[in-house]
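Here the structure is a predicted model, which is why all the values come from computation and not from measurement.
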Amino acid sequence: MTTASQNEEENQHQQIQNEPLLHSHNQQTVQCSSSSSCADTNTNTIPLSIHLSFTDTETKTEIVMKKKKRLSNSGSNGHHHHHNGVVLASLMYHFRRKRRLHRHVFPLLSVISGCFLLLFAAFSLPLHHHDNLHSVNNAVELRSGSDSDPFPAFSVPASGGSLGRDLWRTSFSELYRGCSNASDKFARANVKTIPNRYLLIDASGGLNQQRTGITDAVVAAYILNATLVVPQLDQKSFWKDTSEFAEIFDVDQFISFLSKDVKIVKEIPPNGGKVLSPYTMRVPRKCNPKCYQSRVLPVLIKKHAVRLSKFDYRLSNKLGTQLQRLRCRINYHALTFTDSIVEMGKKLVGRMRMKSKHFIALHLRFEPDMLAFSGCDYGGGEKERIELGEIRKRWKTLHTRNPDKVRRHGRCPLTPEEVGLMLRALGFGSDVHLYVASGEVYGGEETLAPLKALFPNFHSKETIASKEELAPFSSFSSRMAALDFIVCDESDVFVTNNNGNMARMLAGRRRYFGHKPTIRPNAKKLYRLFMNRNNMTWVEFASKVQTFQIGFMGEPNEVKPGTGEFHENPLSCICEKSEKKAKVVLIPQNETHNRNTSGKEDNTNKDTGDVTDEQSMEDELEWSDMDYMENVNMVQGKGFPNGTESDPNISLKPELPELAEELFSD
C-alpha cells in the first residue's frame, strides 16, 4: 500500500470514528427544538438554525451519509454504522421537509401581516363627514365640561340646512277647512230661550283663560235655555287688569254674531220695575250638560238669575258635535278684539313683514313665579334654588317636587336656549326673524343670550313699536297680551316653550284657519336629548329632534281624536275640502280611532249636549293643566241645590291655590 493510500484510509477511519459524535449532536438539536429551556451555555449542542442553513446540494450531513453508505457497502462496522445512517437519514428528511415548508409559509404570513397593517392604517385616518363641515365663522359653538372632555364640541351651525320640505307651511293643509256652521236641526235661540231666565258668569284668570270661560258660558246658556248676560271679567286676579269686557272684545260683534244661537244682553233688564238679584254659585270643573241640568237648572228656575263664579273650564271638554261647533263659532268668529287693539296688532304684524317675508312668533313663558311653581331645575345652581324656593313659599299647600321627575314627565317649560336649539335642528337658520311674546324672563338678558346668539334678529312689541304707541295698552296686561295674540296668530310659524292656555288656544285657532305651522315641544322626549347633547354630534342631535317632533308640528291629523283640550284640537270643526283629494293624506301612527273625515254633518247628540261615546278617555294631566284642578271637598254637596252629592258624569280633580290658577292661565 502506498503512502497516499494509507493517508486516505486513515482519514476515512477518523471520520467514521467521529460519526457517533455527530449523531449525538443531531439528537441534542432535535431535543432543543422541542424544548422551551435549552441551556445557552451548552456549546456542544448544534443549533437547529445551523442545520437549516445548509444548502440542498451539498451539506455536511449528506457527506457523512455518503461516506457511511460506502463504508456500509464495504462491510466495515456494517451493522452499527448502517443503523446510525438510517436514523440520520430520517432526521435529515424531517429537517429538509421543514425547510421547504418554511420557505412557503413565511412569505404567506408576511403578506397577510402586511394586509392587516394596511387596513389598520386606513381605519386610523381621521374621518370627515361632509354634513359636519362648518366654518368657525358660520357656527355658534356651545361647550360644557373641561378641556379633557373626550367628546367632540357641540357645534351649532348658523344655517338651518335643507330638510326637503317647506318650513313655512304644513303638508296637505290645502285639503282642509274650518267648518262651524250649525246644522238645520240645531235649535235656534228664538225657539228655545225661556223668558226671565238669565245666566251670568265671572271669567277668571288672564286673557286666554277668560276667553275659554266666555266661550263655555255661551254653550252653558244654550244648554240651560237661558239668556246670557255679557260676561264680567275678573279684575282682582294675579294679573291686576281692570279692563271691562267691552274694552278688550268687540261686544256688539259678540252679541250680533251669536244672535241665532243664544240671546245675549249687556245687563239684566228690570222686571216690573225690579232688578233681579242673581244667586251666586259655582259648578265643578269639566261639568257636562247633565251636570248643568241637575245642579244649575233647578236654581235658575227658582231664582231666575244665577251667577257662576270663577267660571273657567267649568264645561266638559267633550261634547256632541253641534255643541262643539257652537264653541268654534264663538271662539273663532264672535269673540274679536276691539278696533284699537286690532289696529295696533296689525301694525306690529306689518312691521315684522317689512323685516322679512316670513317670521316665527315664540310665546315664551319663563317668568319667576311660573318657574317657582313648576318645581323644575333650570341649571342655576344654589342661587336659583334659593330664589325660586322663596317664591314657592307663597303656596303653602304645595308639596315638594322631584325636579328630575317633573322634567322626565315633560312638565317643565323649555329654556330659551333649548327653544333655539330645537328651532335650529328643525331647519330654521340664524337669518330667520323671531318675534318673542313674553313677560318678565327669569335671569333677564343672561337667560336670553343663548337664544339671541342663535337668532340675532330678535324682536318684541317693545322693540318694533314706540312707547307712545303702546301707551294705551301698557297699563293693562290683558290688552298687551291681546297684541301678542294677534302677532302670534298671524305669524308664519308659531312656537311655544310650554303648553299653557295661550299655546293651546292658538294651536286650535291655527288649525281651524288653515293648519298653519304650530310647533309644540315634545318635552318628554326632548329633555333627555338636551341633557346629553354635548355627547353627540350636531347631525345626530338634529336628526333626533326632527324624529321626536313628528306629531307636534301642527300638521293635519297629527292629534288623536278625543285627546287634549278641544280648544287645542277642534276636530269637530275641521272638514275636508275634497274627499277624493284628502284620501292621499296619510294618517299618522298615533291615529287609532275611527273618525268622521267626510266633512258631513254628524247628527249624533247634536243639540242635546249628551256626552259622546268617546268621552271615556281621560285627558293626560300636564304641568300646565294645573289651572283646571278643583277642590274635591268643595263639590261634595256643599252649596248646591237638591243636596246633590255626586254625579258619575262629573270629572273632579283637586284644586290648587287661586294664585296658581291665574299664574298658569296664559
Side-chain angles (χ1 to χ4, degrees), residues 131-132 142 144 151 154-157 160-171 360 362-366 374 376-379 403-429 432 450-451 454-455 493-500 503-504 507 510-511 515-560 563-564 568-569 586-592 620-625:
D131 291 337
N132 286 331
L142 306 175
S144 69
F151 296 102
F154 182 75
S155 183
V156 183
S162 176
L163 301 182
R165 62 177 177 82
D166 189 348
L167 297 174
W168 305 105
R169 63 186 297 274
T170 57
S171 304
I360 298 174
L362 165 63
H363 181 228
L364 184 64
R365 290 297 311 275
F366 215 71
S374 71
C376 300
D377 183 356
Y378 297 96
D404 292 334
K405 183 177 180 180
V406 177
R407 181 173 288 273
R408 191 165 59 248
H409 289 172
R411 296 176 182 174
C412 294
L414 268 59
T415 66
E417 179 185 17
E418 289 170 344
V419 173
L421 292 173
M422 178 184 70
L423 289 175
R424 184 59 47 80
L426 292 174
F428 297 99
V432 170
L451 177 60
L454 290 165
F455 293 94
V493 173
F494 173 65
V495 61
T496 176
N497 75 322
N498 64 93
N499 195 34
R504 286 195 294 262
R510 291 169 68 87
R511 289 184 190 279
H515 285 91
K516 293 186 287 186
T518 302
I519 302 173
R520 299 169 296 122
N522 183 0
K524 288 183 180 180
K525 295 288 185 67
L526 292 178
Y527 97 92
R528 191 178 297 277
L529 191 59
F530 288 129
M531 296 290 289
N532 298 322
R533 66 179 182 264
N534 289 305
N535 298 342
M536 64 184 73
T537 66
W538 171 256
V539 173
E540 292 172 320
F541 174 84
S543 176
K544 289 183 179 181
V545 169
Q546 293 160 22
T547 299
F548 293 158
Q549 281 300 119
I550 294 174
F552 292 82
M553 302 292 288
E555 300 279 350
N557 297 331
E558 72 178 8
V559 180
K560 184 167 61 177
T563 61
E568 180 182 5
N569 182 35
L586 299 178
I587 305 298
Q589 293 181 356
N590 62 353
E591 183 82 44
T592 58
E620 181 181 3
L621 180 64
E622 300 288 346
W623 67 266
S624 57
D625 293 326

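When all heavy atoms are compared, the tightest approach of A507 to R520 is CB-CD, 4.4 Å. Closest approach of H363 and N497 over heavy atoms only: O-OD1, 3.3 Å. Contact between W168 and V432 at its shortest, heavy atoms only, is CH2-CG1, 3.9 Å. Nearest heavy atom pair, residue R407 against residue Y378, reads NH2-CD2, 3.8 Å.
The side chain to side chain donor-acceptor pair (under 3.5 Å) test applied to E555 returns no partner, not counting sequence neighbours. Residues passing the side chain to side chain contact (heavy atoms under 4.5 Å, CB included) test with N522 are K524, K525, F548, Q549, F552, sequence neighbours excluded. For Y527, the side chain to side chain donor-acceptor pair (under 3.5 Å) criterion is met by no residue, not counting sequence neighbours. Annotation: side chain to side chain contact (heavy atoms under 4.5 Å, CB included) contacts of A523 (sequence neighbours excluded): L414. Partners of F455 by ring pair (Phe, Tyr, Trp, His ring centres under 6.0 Å), not counting sequence neighbours: none found. For R510, the salt bridge (charged side-chain N to carboxylate O under 4.0 Å, His left out) test picks out no residue, with sequence neighbours left out.
Between the side chain of Q546 and the main chain of A425, a donor-acceptor pair closer than 3.5 Å is present. With hydrogens and angles ignored, the 3.5 Å screen pairs no side-chain donor or acceptor of E418 with any backbone N or O of F530. Of the possible polar contacts, one joining the T170 side chain to the H515 backbone as a donor-acceptor pair under 3.5 Å is found. Checking side-chain atoms of T496 against main-chain N and O of F494 turns up no donor-acceptor pair under 3.5 Å. Counting only distance, with no hydrogens or angles, the side chain of R424 and the backbone of P157 share a donor-acceptor pair below 3.5 Å. At least one donor-acceptor pair under 3.5 Å links the side chain of R504 to the backbone N or O of N499.
In this structure, S374 and V406 have side chains that are not in contact, with every pair of non-hydrogen atoms separated by 4.5 Å or more. Looking at D404 and D377, their side chains never come closer than 4.5 Å, going by heavy atoms from C-beta outward. In this structure, the side chains of L526 and K544 stay at 4.5 Å or more apart for every pair of heavy atoms. Considering only heavy atoms from C-beta on, N569 comes within 4.5 Å of R511 through its side chain. Taking the side chain as every heavy atom from C-beta outward, L167 and V493 never approach each other to under 4.5 Å.
Look at E417 and R533 and you find a salt bridge, because one of the NZ, NE, NH1 or NH2 atoms lies within 4.0 Å of a carboxylate O, short of that distance.
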Notebook entry, point to check: Step by step, would you call F541 with V545 a side chain to side chain contact (heavy atoms under 4.5 Å, CB included)?
Noted result: CA-CA 6 Å; F541 174 84; V545 169; 3.8 Å; yes
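Of the inter-residue distances, the one linking L364 atom CG with L451 atom CG reads 7.5 Å to the nearest 0.5 angstrom. Atom CZ of residue R411 and atom NZ of residue K405 lie 8.5 Å apart, to the nearest 0.5 angstrom. Once rounded to the nearest 0.5 Å, the distance linking CG of L454 with CG of L423 reads 9.0 Å. With rounding to the nearest 0.5 angstrom, the OG atom of S171 is 10.5 Å from the CD atom of E558.
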